[in-house]
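Heads up: the structure comes next, in structure tokens.
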Amino acid sequence: MQIKLGQNLLGANGVIAGEIRRLMEEKGIFLLNLMSSPGAGKTTLLEKTLTALKDRLRLAVIEGDVATTKDAERIARLGISVVQINTHGACHLDAAMVRDVLPAFDLDSLDLLIVENVGNLVCPAEFDLGESMKVVVLSTTEGNDKVLKYPLMFREADALLLNKIDLLPFTDFHLDELADDLGRIHPGLPRFDLSARTGEGMERWIAWLLAQVEGHRRR
């Protein structure tokens with residue numbers, strides 16, 4: 001019975017995700033689902049990404065959080081349109097939550113809508129949000145075991161951002177081990193080594209994301 005309930009839940013989510021995807025296609029919006037564990041530096045990375053792109057693209061953000069509005073307040077200070085979703089205990093966003101806040105945006109005036117998912121390396125990977133792309137953020141301070149411990153997240157991702165490379169000398173994180181693990185779980189996954197804090201490596205990530213959005217608009 002539990003398996004059947006799970007299938008029904010994911011099936012219903014998939015129907016709504018399909019509706020969102022069709023709407024985004026109709027409006028020409030690139031919908032990015034940004035995922036990570038807590039503390040990976042996802043919000044700082046998002047702030048730096050928005051700052052780099054806000055004069056080139058029309059941007060908005062959906063913030064997912066269990067209980068607070070702290071991250072949404074940080075994004076709002078950049079002058080970016082943002083809507084907060086509080087899950088009240090749920091460990092991930094689902095498609096219905098995203099669908100329900102879309103009327104808060106002027107979808108005819110957006111190029112890129114970024115969803116900052118709840119910090120969790122398990123559940124967010126299982127729920128399609130109707131996104132154009134999933135990107136996972138991993139940080140050097142989390143250790144090398146995350147790729148093999150949470151393989152679905154890295155298998156589902158369309159790109160990996162390895163954050164906090166400025167802290168590499170102070171950790172036991174090994175880039176060769178990361179490459180080996182990714183080769184087993186998701187060979188060929190685009191990977192960007194960067195530091196949102198110092199800005200190192202950010203240009204390559206920004207250029208790649210901009211190319212994805214522009215490619216999406218030309219389709």
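It should be emphasised that the depicted structure is a prediction, and the values quoted were computed from it without experimental measurement. These numbers come from the heavy atoms of this one structure, side chains and all, not from hydrogens, waters or symmetry mates.
Under the salt bridge (charged side-chain N to carboxylate O under 4.0 Å, His left out) criterion, Glu142 pairs with no residue at all, not counting sequence neighbours. Among residues two or more places apart in sequence or in another chain, the side-chain hydrogen bond (donor to acceptor under 3.5 Å, both in side chains) test is passed with Lys134 by Glu131. Evaluation of the salt bridge (charged side-chain N to carboxylate O under 4.0 Å, His left out) rule for Asp166 yields Arg197 as partners, not counting sequence neighbours. With sequence neighbours left out, the salt bridge (charged side-chain N to carboxylate O under 4.0 Å, His left out) criterion links Arg155 to no other residue. In this view, Ala76 and Val82 satisfy the side-chain contact (heavy atoms from CB on, under 4.5 Å) rule, not counting sequence neighbours. For the salt bridge (charged side-chain N to carboxylate O under 4.0 Å, His left out) test, no residue two or more places apart in sequence or in another chain qualifies with Lys48. Partners of Lys149 according to the side-chain contact (heavy atoms from CB on, under 4.5 Å) rule, which considers only residues two or more places apart in sequence or in another chain, are Asp145.
Using a 4.5 Å cut-off on side-chain heavy atoms (C-beta onward), Ile80 and Lys54 make contact. Annotation: side chain of Glu47 is not in contact with side chain of Asp71 (no heavy-atom distance under 4.5 Å). Looking at heavy atoms from C-beta onward, Val135 lies in side-chain contact with Leu32 at the 4.5 angstrom threshold. When side chains are defined from C-beta on, Leu161 counts as touching Leu45, because their heavy atoms get closer than 4.5 Å.
Between the Asp111 side chain and the Leu57 main chain, no donor and acceptor come within less than 3.5 Å of each other. Side chain of Thr69 to backbone of Ala72: no donor-acceptor contact under 3.5 angstrom is found. The backbone N or O of Thr68 lies less than 3.5 Å from a partner atom in the side chain of Asn86, making a donor-acceptor pair. Within the 3.5 Å criterion, the main-chain N or O of Leu34 finds no donor-acceptor partner in the side chain of Asn117. No side-chain donor-acceptor contact under 3.5 Å links Asp193 to the backbone of Asn163.
There is no path of hydrophobic side-chain contacts, each under 4.5 Å, that joins Leu46 to Val115. In terms of hydrophobic clustering, with Ile, Leu, Val, Met, Phe, Trp and Tyr side chains grouped at heavy-atom distances under 4.5 Å, Leu112 and Ile75 are assigned to a common cluster. By the criterion of side-chain heavy atoms lying less than 4.5 angstrom apart, applied directly or through intervening Ile, Leu, Val, Met, Phe, Trp or Tyr residues, Leu23 is grouped together with Leu129 in one hydrophobic cluster. Hydrophobic clustering (ILVMFWY, side-chain heavy atoms < 4.5 Å, transitive): Ile16 and Val83 are in one cluster. Residues Leu78 and Leu210 fall within the same hydrophobic cluster, defined by Ile, Leu, Val, Met, Phe, Trp and Tyr side chains chained together at heavy-atom separations under 4.5 Å.
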Distance-only criterion, 3.5 Å: show the donor-acceptor pairs between side-chain atoms of residues 201-209 and protein atoms not counting sequence neighbours.
unit_1	atom_1	unit_2	atom_2	d
Arg204	NH1	Arg191	O	3.2
Arg204	NH2	Arg191	O	3.4
Trp205	NE1	Thr49	OG1	3.0

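Between atom CD of residue Gln212 and atom OG of residue Ser132 there is a gap of 10.0 Å, rounded to the nearest 0.5 Å. Atom OG of Ser139 is separated from atom NZ of Lys164 by 4.5 Å, given to the nearest 0.5 angstrom. Rounding to the nearest 0.5 Å gives a distance of 11.0 Å between CG of Leu93 and SG of Cys123. Distance check: Met133 CE to Phe30 CZ gives 4.0 Å after rounding to the nearest 0.5 Å.
Chaining together hydrophobic side chains whose heavy atoms lie under 4.5 Å apart places Leu160 alongside Met35, Leu121, Val122, Val136, Leu138, Val147, Leu148, Tyr150, Met153, Phe154, Leu162, Ile165, Leu168, Phe173, Leu175, Leu178, Leu182, Ile185, Leu189.
A ring-ring contact (aromatic ring centres under 6.0 Å, His included) check over residues 75-103, counting only residues at least two apart or in different chains, returns the pairs His92-Phe127. The side chain to side chain donor-acceptor pair (under 3.5 Å) contacts involving residues 17-29 comprise Arg21-Asp128, Glu25-Arg219, Lys27-Asp108, where partners must be two or more places apart or lie in separate chains. Residues in residues 44-66 take part in no ring-ring contact (aromatic ring centres under 6.0 Å, His included) pair, two or more places apart or across chains.
Here the shortest heavy-atom pairing between Phe105 and Val61 reads CZ-O, 3.5 Å. Here the closest heavy-atom approach between residue Ala52 and residue Arg56 is recorded as O-CD, 4.1 Å. Across all their heavy atoms, Leu53 and Leu59 have their closest contact at C-CD1, 3.8 Å. Across Gly130 and Leu31, no two heavy atoms sit closer than the pair O-CD2, 3.5 Å. The two residues Asn13 and Ala96 have their closest heavy-atom pair at OD1-N, 4.5 Å. Heavy-atom minimum distance, Asn144 versus Asp172: OD1-O, 3.8 Å.
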So Glu63 and Ile85, side chain to side chain contact (heavy atoms under 4.5 Å, CB included) or not? Walk me through it. CA-CA 6 Å; Glu63 278 288 346; Ile85 299 174; over 6 Å; no
So Val101 and Ile62, side chain to side chain contact (heavy atoms under 4.5 Å, CB included) or not? Walk me through it. CA-CA 8 Å; Val101 301; Ile62 295 173; 3.7 Å; yes
